[in-house]
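Just so we're on the same page: letters track the sequence lines, and every chain starts at 1. The figures here come from the full heavy-atom set of this structure, side chains too, leaving out hydrogens, waters and symmetry mates.
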Protein chains: 2
Amino acid sequence: MANTPQAGTRERIVRAASLLMQRQGYEGTGIKQVAQEAKATLGSVYHFFPGGKQAVGVAAVQHADQEFADLLSASLSTEADPAKAIAACARELARHLRESGWTDGCPISATALETTGRVPDIEQAVAQAFQHWRDLVATTLREASFPQNDAHDLAITVISTLEGAELTAQVSKSETPLTVAGEHLARLINSYKG
Amino acid sequence: MANTPQAGTRERIVRAASLLMQRQGYEGTGIKQVAQEAKATLGSVYHFFPGGKQAVGVAAVQHADQEFADLLSASLSTEADPAKAIAACARELARHLRESGWTDGCPISATALETTGRVPDIEQAVAQAFQHWRDLVATTLREASFPQNDAHDLAITVISTLEGAELTAQVSKSETPLTVAGEHLARLINSYKG
DNA sequence: GTCTATAATAGGATAGAC
DNA sequence: GTCTATCCTATTATAGAC
């Protein structure tokens with residue numbers, strides 16, 4: 001339902017913006033390009049987003065937030081053991097990255113780095129996304145009976161490490177950073193078990 | 001000697017470009033802004049960099065590569081125990097990030113993400129930088145008598161995790177992701193000891 | 001090596017007909 | 001809601017005097 005060609009204009013715009021900003025960043029993506037890719041006119045973009053490019057950016061980040069949260073949830077629920085689940089998640093990210101020709105890494109990192117400290121609305125949407133993802137991991141760990149403090153700290157490192165490993169894998173055009181980091185994360189998590 | 005106001009024009013341009021691209025990314029930084037910040041004229045920029053913006057970008061990335069390598073080397077050599085040294089390095093990055101008002105994270109991440117798959121020259125300079133940093137960590141670990149394979153894999157995860165934790169710390173405006181990740185990295189490294 | 005002026009193009013944004 | 005035309009500014013890059 002989320003990926004049909006018959007999607008509404010607003011949704012097509014958000015999806016196109018999200019994809020383009022994932023690959024080119026916020027500054028590298030033009031409103032006209034978004035409109036073209038979304039098969040919408042410039043007038044439609046400003047009709048749905050009177051706030052202009054910043055408003056499109058916020059919606060794109062929020063869309064990517066939910067999309068990655070879904071992927072994370074799915075990945076985490078395929079395995080009962082959270083350590084194995086995280087490692088599987090890293091491999092999944094590596095596969096997706098490679099299959100995209102090394103173009104589709106974290107959907108919001110580029111936008112995050114370009115706008116931090118300079119575009120408050122986007123900054124806030126980015127911070128919320130990171131928090132959201134961390135919470136998903138923390139909840140999974142707590143449900144696997146990790147103490148709250150350990151779960152909290154491990155979730156921070158899991159998301160940070162996946163972010164960094166995806167960046168490293170992307171610029172190196174290699175799955176290795178993600179698979180290695182996934183195994184190290186599993187080892188770290190297991191070292192807190194029992 | 002590297003930070004004197006009497007630096008040559010070319011060096012001032014490279015330093016200004018490196019700083020601006022660290023904060024705003026490659027796409028978000030204009031050549032005119034670089035010239036202004038470097039107290040040089042547009043003519044001088046194109047005199048030293050006939051390759052235009054891309055050539056400036058490559059030089060900026062290479063400059064940042066060396067700068068971060070120096071910081072890393074210094075950090076790694078303050079402690080004999082590599083686990084403690086990495087944790088100290090993470091705290092050092094956190095301090096620097098906070099003191100800059102959360103603006104100065106990894107000097108090349110933004111540029112890397114915006115240009116990957118689209119600007120081969122910059123892509124290559126970025127890949128070299130990551131490799132360079134990883135090698136510094138791997139060498140440190142090998143010198144501390146870690147087996148070559150462990151040192152290699154750990155170095156990948158150390159750089160990836162520092163990258164991701166710095167990104168997370170920056171968007172969260174909190175030192176916690178970096179300090180927590182530093183401690184987790186130390187724990188991971190120690191788990192390979194003996 | 002430095003400077004100013006300018007070309008050529010692309011950017012974000014708006015107006016108003018339909 | 002959609003579309004086209006257009007405004008204004010900023011962008012990269014070049015030319016040529018000094």
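Atoms NE2 (A/H47) and P (C/dA13) sit 17 Å apart, rounded to a whole Å. Nucleotide D/dT11 holds its P atom 10 Å from the CD atom of B/Q36, rounded to whole Å. Whole-Å rounding puts the A/Q33 CD to D/dT11 C1' distance at 16 Å. Spacing between atom CD of B/E27 and atom P of C/dG11 amounts to 10 Å, rounded to whole angstrom units. Between the OH atom of B/Y26 and the C1' atom of D/dT12 there is a distance of 10 Å, rounded to whole Å.
A/D70 is linked by a salt bridge (Lys or Arg N to Asp or Glu O under 4.0 Å) to nothing, counting only residues two or more places apart in sequence or in another chain. With sequence neighbours excluded, no residue satisfies ring pair (Phe, Tyr, Trp, His ring centres under 6.0 Å) with B/F146.
Between B/T9 and C/dT2 there is a side-chain N or O to OP1 or OP2 distance below 4.0 Å. Contact between the side-chain N/O atoms of A/T41 and the OP1/OP2 oxygens of D/dG1 is not found at any separation under 4.0 Å. Within the structure, every side-chain polar atom (N or O) of B/S44 is placed at least 4.0 Å from both OP1 and OP2 of C/dG1.
Between the side chain of A/W102 and the backbone N or O of A/A169 there is no donor-acceptor pair closer than 3.5 Å. With hydrogens and angles ignored, the 3.5 Å screen pairs no side-chain donor or acceptor of A/S172 with any backbone N or O of A/S174.
A salt bridge is defined here as a Lys NZ or Arg NE, NH1 or NH2 lying under 4.0 Å from an Asp or Glu carboxylate O, and A/R187 with A/E183 fails to meet this definition.
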request  = Give the B/S/- string for nucleotides 13-18 of chain D, one per nucleotide from 5' to 3', where a protein heavy atom under 4.0 Å of the base yields B, of only the sugar-phosphate yields S, and otherwise -.
outcome  = BB----
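The side-chain heavy atoms of A/E143 and A/T139, taken from C-beta on, include a pair separated by under 4.5 Å.
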